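Report on one structure; see the data block that follows.
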Amino acid sequence: MVMPDSGIESPADLEGKNVGVPARQAIFEAFIIDAMKSEGADPDKVEWIALDFTSQIESLRTGRIDAAAVPLPFTVEAEENGATVLWRPGLEFYESGQTSTWLVSPEVQEN
């Protein structure tokens, strides 16, 4: 999500910006990194800021961050505060349409 006057029109435009994610090095950040790299942008030039979803919306509204990574229903609240959808991750990230990721211990994996 971005504010309409941000000048951000694609994931590539996030270079040099402050981007809110719910946790560092987690799935939302991975979605953004994948989109940026596919457009030739450098995600190492992003200032990643870990914030819960509600704080991301407020930080986007006040200009503390330039983009927020929030899921439904938080997208509705962000839109009510004037934000717009920049990009929605989906099949292009997972390619096969997977929507869940499971991590298991080696013991579970063996079974």
Side-chain angles (χ1 to χ4, degrees):
M1 307 288 302
V2 297
M3 297 306 283
D5 60 352
S6 68
I8 300 170
E9 297 180 9
S10 77
D13 295 332
L14 296 175
E15 272 191 17
K17 304 294 185 194
N18 295 327
V19 177
V21 291
R24 287 301 323 274
Q25 300 179 354
I27 195 68
F28 281 88
E29 188 173 321
F31 287 152
I32 296 167
I33 287 170
D34 183 67
M36 290 181 72
K37 285 183 175 181
S38 72
E39 294 186 7
D42 184 357
D44 290 334
K45 295 181 179 175
V46 169
E47 180 67 33
W48 302 101
I49 301 173
L51 298 164
D52 64 79
F53 297 131
T54 302
S55 296
Q56 284 190 66
I57 294 166
E58 179 64 13
S59 294
L60 184 61
R61 187 185 66 76
T62 62
R64 178 178 177 210
I65 60 174
D66 302 296
V70 296
L72 280 168
F74 298 96
T75 53
V76 174
E77 186 179 346
E79 288 173 334
E80 288 172 353
N81 280 282
T84 60
V85 174
L86 172 63
W87 169 76
R88 293 184 196 270
L91 294 179
E92 61 274 355
F93 180 80
Y94 288 112
E95 295 179 8
S96 65
Q98 176 183 351
T99 59
S100 298
T101 301
W102 291 81
L103 303 174
V104 298
S105 68
E107 296 81 16
V108 172
Q109 185 176 355
E110 288 176 12
N111 295 320

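Computed from a predicted model, the values in this text were never measured in an experiment.
A heavy-atom distance below 4.5 Å is not found between the side chains of I33 and F28. Counting heavy atoms from C-beta outward, M1 and L86 have side chains that stay 4.5 Å or more apart.
Atoms CH2 and CD1, from W48 and I65 in turn, are 11.5 Å apart once rounded to the nearest 0.5 Å. Expressed to the nearest 0.5 Å, how far CZ of R64 lies from CD1 of I49 amounts to 5.5 Å. In this structure, CD1 in I32 is found 13.5 Å from NZ in K37, a value given to the nearest 0.5 Å.
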Result block: side-chain N/O donor-acceptor pairs under 3.5 angstrom for residues 73-84, not counting sequence neighbours:
unit_1 : atom_1 : unit_2 : atom_2 : d
N81    : ND2    : E77    : O      : 2.9
T84    : OG1    : V2     : O      : 3.4

Check residues 12-23 and write down every donor-acceptor pair under 3.5 Å in which the side-chain atom is one partner and the other belongs to a residue at least two apart or another chain.
unit_1 : atom_1 : unit_2 : atom_2 : d
D13    : OD2    : E9     : N      : 2.7
D13    : OD2    : S10    : N      : 3.1
E15    : OE2    : D42    : N      : 2.5

query: Yes or no on side chain to side chain contact (heavy atoms under 4.5 Å, CB included) for L51 and S59, after CA distance, side-chain angles and deciding distance?
result: CA-CA 9 Å; L51 298 164; S59 294; 3.6 Å; yes
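Here ring pair (Phe, Tyr, Trp, His ring centres under 6.0 Å) pairs that include residues 1-24, with residues two or more places apart or in two chains, number zero. Applying the salt bridge (charged side-chain N to carboxylate O under 4.0 Å, His left out) definition to pairs two or more places apart or across chains, none involves residues 43-55.
Residues P11 and M36 come closest through the heavy atom pair O-CG, 3.3 Å. The two residues A69 and F53 have their closest heavy-atom pair at O-CE2, 3.7 Å.
Take E58 and apply the salt bridge (Lys or Arg N to Asp or Glu O under 4.0 Å) test, not counting sequence neighbours, and it matches R61. Remark: E29 engages R24 in a salt bridge (Lys or Arg N to Asp or Glu O under 4.0 Å) (not counting sequence neighbours).
Both V85 and F31 sit in one connected hydrophobic cluster of ILVMFWY residues. Membership requires side-chain heavy atoms under 4.5 Å apart, directly or through other members.
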